[in-house]
Q: 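What follows is a structure written as structure tokens; I'll ask about it next.
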Number of protein chains: 2
Amino acid sequence: MKNRIHELRKARQISQEELAKLCGVSRQTINAIENNKYDPSLELVFSLATKLGILVDELFIYNKGR
Amino acid sequence: MKNRIHELRKARQISQEELAKLCGVSRQTINAIENNKYDPSLELVFSLATKLGILVDELFIYNKGR
DNA sequence: TATAAATGTAAAACATATTTTACATTCCAA
DNA sequence: TTGGAATGTAAAATATGTTTTACATTTATA
């Protein structure tokens with residue numbers, strides 16, 4: 001599943017490290033998610049959307065996989 | 001994280017089995033999620049919201065855990 | 001250009017999500 | 001009131017997400 005985290009994080013001028021701290025995860029987790037290594041957990045999904053000030057539905061691009 | 005799956009599924013008069021098939025997961029997965037045993041994966045989250053015709057943000061109740 | 005900050009990446013360990021099989025319980029209609 | 005459908009639950013196996021440590025590469029700036 002693709003997401004707009006990199007785009008929105010840049011727009012807000014914060015580093016992966018800072019976003020990671022805000023969300024309570026490691027920098028590598030943010031990096032992996034931005035680079036589509038895997039999808040975040042639901043908790044992290046909501047944390048990311050909240051900290052980036054956007055709806056979950058707008059942060060991720062769902063392509064009817066299932 | 002709490003959710004409104006049971007409520008919406010009932011409103012739409014479909015069984016856990018049917019919702020499971022619609023989303024491509026096992027009945028036990030739907031059951032576990034309705035009963036808060038664990039949170040669904042992001043893919044399943046979007047599948048559930050789509051099949052139930054509601055926004056992800058409206059389907060789950062986020063309580064700033066992180 | 002040199003240096004620091006930011007980002008990419010990898011392996012091991014650990015945590016969480018999902019499936020399968022199987023059985024018990026509850027609910028509802030005949 | 002019994003029988004079938006729906007739901008709850010559990011253990012084992014597998015898949016996926018996260019952390020930690022560590023190092024390499026890129027990017028920005030003094």
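Just so we're on the same page: letters track the sequence lines, and every chain starts at 1.
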Q: Send over the distance from Glu43(A) CD to dA17(C) P, rounded to a whole Å.
A: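 Checked: the CD to P distance equals 9 Å.
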
Q: dT7(C) P sits how many Å from Ile30(A) CD1, rounded?
A: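 In whole Å, dT7(C) P and Ile30(A) CD1 are 11 Å from each other.
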
Q: Does Gln16(A) place a side-chain N or O at less than 4.0 Å from the phosphate oxygens OP1/OP2 of dA5(C)?
A: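 Gln16(A) to dA5(C) OP1/OP2: no side-chain N or O under 4.0 Å.
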
Q: Can you measure Lys37(A) atom NZ to dG8(C) atom C1' for me and round it to whole angstrom units?
A: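 For the pair Lys37(A) NZ and dG8(C) C1', the rounded distance is 8 Å.
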
Q: Within this structure, what is the CZ-to-C1' distance between Arg27(A) and dA5(C), rounded to whole angstrom?
A: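 Going from CZ in Arg27(A) over to C1' in dA5(C) covers 11 Å.
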
Q: Do the side-chain N or O atoms of Ser41(B) get closer than 4.0 angstrom to the phosphate oxygens (OP1, OP2) of dT18(C)?
A: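 For Ser41(B), the contact criterion (side-chain N or O under 4.0 Å from OP1 or OP2 of dT18(C)) is met.
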
Q: Any non-hydrogen side-chain atom of Asn3(B) less than 4.5 Å from a side-chain atom of Leu48(B)?
A: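 Of all side-chain heavy-atom pairs linking Leu48(B) with Asn3(B), none is under 4.5 Å.
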
Q: Taking the side chain as everything from C-beta on, heavy atoms only, tell me whether Ile61(A) gets closer than 4.5 Å to Arg4(A).
A: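 Yes, at least one pair of side-chain atoms sits under 4.5 Å.
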
Q: Without decimals, in angstroms, what is the distance between Phe60(A) CZ and dG17(D) C1'?
A: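 Nearest whole value for this atom pair: 13 Å.
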
Q: Under 4.5 Å between any side-chain heavy atoms of Ile5(A) and Ile33(A), yes or no?
A: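 Answer yes - side chains close enough.
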
Q: So do the side chains of Asn31(B) and Lys37(B) get within less than 4.5 Å of each other, counting heavy atoms only?
A: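 Not in contact.
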
Q: Can you check whether Thr29(A) has a side-chain N or O nearer than 4.0 Å to OP1 or OP2 of dT19(D)?
A: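 Yes, such a contact exists.
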
Q: Quick check for you: among dT18(C), dT7(D), dT7(C), whose closest atom lies nearest to any side-chain atom of Ile33(B)?
A: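 Between dT18(C), dT7(D), dT7(C), the one nearest the side chain of Ile33(B) would be dT18(C).
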
Q: Here's a test of your reading of the structure: between Glu34(B) and Leu42(B), which maps to the more 5' nucleotide of DNA chain D?
A: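 Its nearest nucleotide lies further toward 5', so the answer is Glu34(B).
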
Q: How would you label the contact of Ser26(A) with the nucleic acid (heavy atoms, under 4.0 Å): base, sugar-phosphate, or nothing?
A: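 Base contact - Ser26(A) has a heavy atom under 4.0 Å of at least one base atom.
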
Q: Are the side chains of Tyr38(B) and Ser41(A) in touch, meaning some heavy atoms are under 4.5 Å apart?
A: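 Of all side-chain heavy-atom pairs linking Ser41(A) with Tyr38(B), none is under 4.5 Å.
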
Q: Below 4.0 angstrom from OP1 or OP2 of dT27(D), is there any side-chain N or O of Lys10(A)?
A: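 No, because none of the side-chain N or O atoms of Lys10(A) sits under 4.0 Å from OP1 or OP2 of dT27(D).
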
Q: Can you check the Glu17(B) CD to dC27(C) P distance for me, whole Å?
A: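 It works out to 19 Å between those atoms.
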
Q: Side chain of Gln28(B): nearest nucleotide among dG17(D), dT20(C), dT19(D)?
A: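 Of the candidates, dT20(C) comes closest.
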
Q: Using whole Å, report how far CG of Asn31(B) lies from P of dT20(C).
A: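 Taking atom P of dT20(C) as the reference, CG of Asn31(B) is at 16 Å.
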
Q: Measure the distance from OH on Tyr38(B) to P on dG8(D) and round it to the nearest whole Å.
A: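 It works out to 13 Å between those atoms.
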
